[in-house]
Number of protein chains: 2
Amino acid sequence: MIRIVLVDDHPVVRAGLRALVESQPDLAVVGEADGAEAAMTVVGNTAPDVVLMDLSLGAAAVGGAEITARLRTLPEPPEVLVLTTYDTESDILRALDAGARGYLLKDAPSEDLFAGIRATARGETVLAPTVAATLVRRTSNPAPTITEREVQVLELLSRGLGNKEMARELFVSEATVKSHLSHIYTKLGVDTRAGAVAAAIERRIIRT
Amino acid sequence: MIRIVLVDDHPVVRAGLRALVESQPDLAVVGEADGAEAAMTVVGNTAPDVVLMDLSLGAAAVGGAEITARLRTLPEPPEVLVLTTYDTESDILRALDAGARGYLLKDAPSEDLFAGIRATARGETVLAPTVAATLVRRTSNPAPTITEREVQVLELLSRGLGNKEMARELFVSEATVKSHLSHIYTKLGVDTRAGAVAAAIERRIIRT
DNA sequence: CCGTCCGATAGCCGATTGGATGATGCCGGG
DNA sequence: CCCGGCATCATCCAATCGGCTATCGGACGG
């Protein structure tokens, strides 16, 4: 019997997943959580084999990747299977970096989900086809890395700040801001502030 | 017995909703659909009382609002209850304009969902609290209307075009483009191109 | 029928941006 | 130990941007 904890902030989805999972004789839901704290508590108390994690934890302050990382620090950490709507590169990488065993999309058939849970419990890695493809493309096509500082600049940029204002906000000179911007333009393949914001949002480097 | 058809492109969510709904003795799922065409067919064949519509129909070409509108053109149209993750103003307005009876969010408790379905079947209007609040704020605070021309400018803007390039693209003078931009800034409450792009994406005036 | 509102159009001008070029200190990997 | 990448700062300058002001024509209401 595979013991499962559900982490998802949507009661409807949680209840639905529970119903689905429990239709399988070898799977049992031993706990549910709707956020980071609840997840830590429930997992600590129930020591499940697998955690089904919804990454799109709404507007929660703590993302699913963060929770995954924290869960993996527990003694006898559970295997984490991420189940999400998004297949964005940064989401995937963050989740896998955080220690997730698998990454499935919500539009997968139920059978794939069950198979994924069982494989995850055995310690195998499970990836949705599109996710695997993304990873392959990624390794062959190294995406430029946006540094933390550059992300900060992008956030200010999306709020419409000028170079002078950004400089003040970041406690650096205007020249430095312009330098960061130039690098951002190169990495995102754009040459204007507006284009940079659109590209950054599209790649989920920043969120609105 | 209230007869229900589920429309959602996620098998997991569909199966989950079905399990949830069927736990209620007075509710029955008589059909499921994962897209626009399937929805029309299934609803036509089963003549349900209520359609549970997931607006976030992934990257489908036809949005939930569109499907809702089409369903309402059927003879003896079903009542449509929208169930979605998003509470963006434009999403809400589109859905209600399309003829949806209610608008619930996925983070609502199951009981609210059941109550919503029953109310919808009786022809009552059901709105999630945040949705209702948004509508109220909206009526008291009339949102500025972005004209079609301005949307075109915003789209080009998000692609990083300069005023000259936009002017060429739209067959107008550069001065005209700048004028449109000024109006856009006023309406979106920003004063830079970057801010305008972020605001436009956030309000779903344009999509990435 | 007339006044008003508003979208689309347009030009001027000072402020801002983006590109080019170069330099310094720091840190981590080979 | 040296190299590369990141963050920092500086300067010059042409091109672009954003604010201000104004005209025109169609829609709408009185």
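Proteins come first, then strands; the chains are lettered A, B, ... in the order of their sequence lines, and each starts at number 1.
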In this structure, how many angstroms lie between the C1' atom of D:dG4 and the NE2 atom of A:His183, rounded?
13 Å
Which residues share a side-chain contact (heavy atoms from CB on, under 4.5 Å) with B:Pro77, sequence neighbours left out
B:Arg72
Nearest-Å distance, CD1 (A:Ile184) to C1' (D:dC6)?
13 Å
Could you tell me if the side chain of B:Ile184 sits less than 4.5 Å from the side chain of B:Leu157, heavy atoms only?
no
Atom CG of A:Leu170 and atom P of D:dT8: how far apart are they, to the nearest Å?
8 Å
Any pair with a residue in residues 147-159 of chain A that passes salt bridge (Lys or Arg N to Asp or Glu O under 4.0 Å), sequence neighbours left out, goes on the list, sorted by first then second residue, please.
A:Glu150-A:Lys187
Applying side-chain contact (heavy atoms from CB on, under 4.5 Å), can you list everything that pairs with B:Arg168, at least two apart in sequence or on another chain?
B:Glu165
Hey, is the side chain of B:His180 poking within less than 4.0 Å of OP1 or OP2 on C:dT9, counting only N and O atoms?
yes
Contacts of B:Ser173 meeting side-chain hydrogen bond (donor to acceptor under 3.5 Å, both in side chains) (sequence neighbours excluded), chain-then-number -> B:Thr176
d(CD, B:Glu150; P, C:dT9) in whole Å:
11 Å
OP1 or OP2 of D:dT8 under 4.0 Å from side-chain N/O of A:Thr176:
no
How would nucleotides 17-29 of chain C be written as a contact map, 5' to 3', with B for base contact, S for sugar-phosphate-only contact and - for no contact, using protein heavy atoms under 4.0 Å?
SBB----------
Over the length of the helix from C:dC1-D:dG30 to C:dG30-D:dC1, how much do the five-pair end axes diverge, rounded to 10 degrees?
50°
Distance check needed: D:dT8 C1' versus A:Gln152 CD, whole Å only.
14 Å
Can you name the salt bridge (charged side-chain N to carboxylate O under 4.0 Å, His left out) partners of A:Glu124, sequence neighbours left out?
A:Arg122
Expressed as a whole number of angstroms, how long is the span from A:Lys187:NZ to D:dG5:P?
10 Å
Per atom distances to the A:Ser173 side chain, the nearest of D:dA7, D:dC9, C:dT9 is D:dC9
By side-chain hydrogen bond (donor to acceptor under 3.5 Å, both in side chains) - contacts of B:Asp107 (at least two apart):
none
Got a sec, which residues hit side-chain contact (heavy atoms from CB on, under 4.5 Å) with B:Ser110, two or more places apart in sequence or on another chain?
A:Ala15, B:Leu20, B:Phe114
Starting at atom CD of B:Glu148, determine the distance to atom P of C:dA8, rounded to an integer number of angstrom.
9 Å
For B:Arg14, is there an ion pair with B:Asp54 - N to carboxylate O distance below 4.0 angstrom?
no
